Amino acid sequence: MIQQEFAIKAKEILEKDEEVIGLAVGGSWLTNEIDQYSDLDLILITKTKVSANKNKMLGFAHRFGNFLSGFTGEHVGEPRVLICLYDKPLLHVDIKFLTLAELDYRVETPHILFDRNGEIKTIFQQSKEKFPLPDYQWIEDRFWTWVHYTLLKIGRGEYFEAFDFFGFLRMVVFGPLLHIKNGNLPRAVRKVEVELNINDLADLKKTIPKYERKSLLQSLRNSVKLYRDLRKSLFDENVKLRNETEKKVMEYFEIIEKQNE
């Protein structure tokens, strides 16, 4: 696969650079799920911090192949990642620039491609990966206000904004909670098509509206039902339900539904 070939080439280049402590790879490489559509997730560990200097990050990236473009990952909350596109072959590669001190906290334990002095392996042995789980209280505190916001947009006829907000709910609420229900890591909506049971996937599809008022309202109804079902399945007594907020928002839901009937 082109991903493995690229990684091996990068390893050979970096082994000659004494500033580089090691190189590792994560993502689909770890689960042997790489296919023609997979990107490549590299972790480059250096003696001194590189991620504070975009030009240095780009300098490394240019060494690995036919570099087309690259930008840092602030939009996904990770400015230490350089998101790159290479040519011949066309390949998406994410390069995360870390120091040894930054390896303790990680959501997965990557496969080590090379480890100059064995320091990376030692850190991995002495610490554990921890994938961040959603905060159920955080979701409950916000969910009904989000529903109200969507109703406002539908009521005003701002259908594009309402339409886009369903994507937000799937990424932040439904995808993660459905993954947990199905025994998976809560990776938003990643691979829901194959990792959710057929009924849960069907319920998630019902949150996808058409660009029309009736469909938007029905999808929001479906979203509320899905959230309530997930709440029953996953939340315990420690989560304080915002029952009064829910009641008032659902009353307003009925008002919006009756408009233009």
Side-chain angles (χ1 to χ4, degrees), residues 1-100 102-116 119-121 123-124 127 129-132 171 175 179 184-195:
M1 299 293 288
I2 60 174
Q3 295 87 348
Q4 288 96 330
E5 293 174 4
F6 187 99
I8 291 170
K9 180 181 178 182
K11 168 183 174 289
E12 293 172 349
I13 291 170
L14 294 172
E15 282 177 324
K16 301 172 185 177
D17 188 339
E18 292 298 323
E19 171 62 20
V20 177
I21 294 174
L23 182 69
V25 60
S28 54
W29 186 297
L30 302 180
T31 53
N32 295 315
E33 294 178 307
I34 289 181
D35 58 26
Q36 62 179 319
Y37 305 109
S38 299
D39 59 9
L40 178 63
D41 299 301
L42 295 177
I43 300 93
L44 201 167
I45 302 95
T46 53
K47 292 179 181 178
T48 58
K49 191 175 183 67
V50 173
S51 60
N53 188 321
K54 182 182 177 182
N55 288 331
K56 288 185 178 180
M57 297 167 77
L58 288 168
F60 273 103
H62 274 277
R63 293 160 62 182
F64 300 150
N66 295 292
F67 181 85
L68 289 174
S69 65
F71 52 90
T72 48
E74 290 86 355
H75 65 292
V76 292
E78 187 47 276
R80 299 174 301 178
V81 170
L82 190 69
I83 300 167
C84 306
L85 190 62
Y86 289 86
D87 194 15
K88 299 178 183 178
L90 196 63
L91 180 64
H92 177 132
V93 181
D94 292 341
I95 309 170
K96 181 181 285 189
F97 294 84
L98 301 177
T99 61
L100 284 173
E102 296 174 295
L103 285 177
D104 277 345
Y105 177 79
R106 59 189 186 277
V107 299
E108 62 184 13
T109 298
H111 171 73
I112 299 172
L113 294 176
F114 92 90
D115 184 2
R116 193 174 301 282
E119 296 172 285
I120 299 171
K121 181 179 179 180
I123 290 174
F124 287 169
S127 59
E129 62 190 61
K130 185 177 181 181
F131 198 93
M171 290 286 291
H179 269 310
N184 309 322
L185 289 175
R187 299 179 185 268
V189 292
R190 181 173 172 78
K191 296 189 176 180
V192 292
E193 291 84 359
V194 296
E195 293 189 351

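Side chains are part of it too, since the values below use all heavy atoms of this structure and drop only hydrogens, waters and symmetry mates. It should be emphasised that the depicted structure is a prediction, and the values quoted were computed from it without experimental measurement.
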Exercise answer: donor-acceptor pairs, residues 19-30 side-chain atoms, under 3.5 Å, sequence neighbours excluded:
{"unit_1": "E19", "atom_1": "OE2", "unit_2": "K47", "atom_2": "N", "d": "3.4"}
{"unit_1": "E19", "atom_1": "OE2", "unit_2": "T48", "atom_2": "N", "d": "2.9"}
{"unit_1": "E19", "atom_1": "OE2", "unit_2": "T48", "atom_2": "OG1", "d": "2.6"}

Considering only distance and modelled atom types, tabulate donor-acceptor pairs under 3.5 Å from the side chains of residues 58-67, sequence neighbours left out.
{"unit_1": "R63", "atom_1": "NH1", "unit_2": "D17", "atom_2": "OD2", "d": "3.1"}
{"unit_1": "R63", "atom_1": "NH2", "unit_2": "D17", "atom_2": "OD2", "d": "3.4"}
{"unit_1": "N66", "atom_1": "ND2", "unit_2": "D87", "atom_2": "O", "d": "3.3"}

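In this structure Y37 satisfies the side chain to side chain contact (heavy atoms under 4.5 Å, CB included) test together with D35, sequence neighbours excluded. For the salt bridge (Lys or Arg N to Asp or Glu O under 4.0 Å) test, residues two or more places apart in sequence or in another chain that qualify with E18 are R116. Residues passing the side chain to side chain contact (heavy atoms under 4.5 Å, CB included) test with P186 are F131, L133, P134, P176, I180, sequence neighbours excluded. With sequence neighbours excluded, the residues forming a ring-ring contact (aromatic ring centres under 6.0 Å, His included) with F6 are Y86, listed by chain and number. E74 is linked by a side chain to side chain contact (heavy atoms under 4.5 Å, CB included) to T72, P79, counting only residues two or more places apart in sequence or in another chain. Evaluation of the salt bridge (Lys or Arg N to Asp or Glu O under 4.0 Å) rule for K49 yields E102 as partners, not counting sequence neighbours. Shown here are the salt bridge (Lys or Arg N to Asp or Glu O under 4.0 Å) partners of K56, two or more places apart in sequence or in another chain: there are none. Looking at residues two or more places apart in sequence or on another chain, you find a salt bridge (Lys or Arg N to Asp or Glu O under 4.0 Å) between K191 and E33. Under the rule for a side-chain hydrogen bond (donor to acceptor under 3.5 Å, both in side chains), the partners of D94 that lie at least two apart in sequence or sit in another chain are H92.
Counting only heavy atoms from C-beta outward, the side chains of L42 and L44 never approach each other to under 4.5 Å. Using a 4.5 Å heavy-atom cutoff, the side chains of K96 and D41 are not in contact. Annotation: side chain of V81 is not in contact with side chain of V76 (no heavy-atom distance under 4.5 Å). When side chains are defined from C-beta on, I95 does not count as touching M57, because their heavy atoms never get closer than 4.5 Å.
Here salt bridge (charged side-chain N to carboxylate O under 4.0 Å, His left out) pairs that include residues 104-115, with residues two or more places apart or in two chains, are E108-R187.
A pairwise comparison of heavy atoms in V189 and G175 identifies CG1-CA, 4.1 Å as the closest pair.
One finds no salt bridge joining E5 and K9 here, because no Lys/Arg side-chain nitrogen approaches an Asp/Glu carboxylate oxygen to under 4.0 Å.
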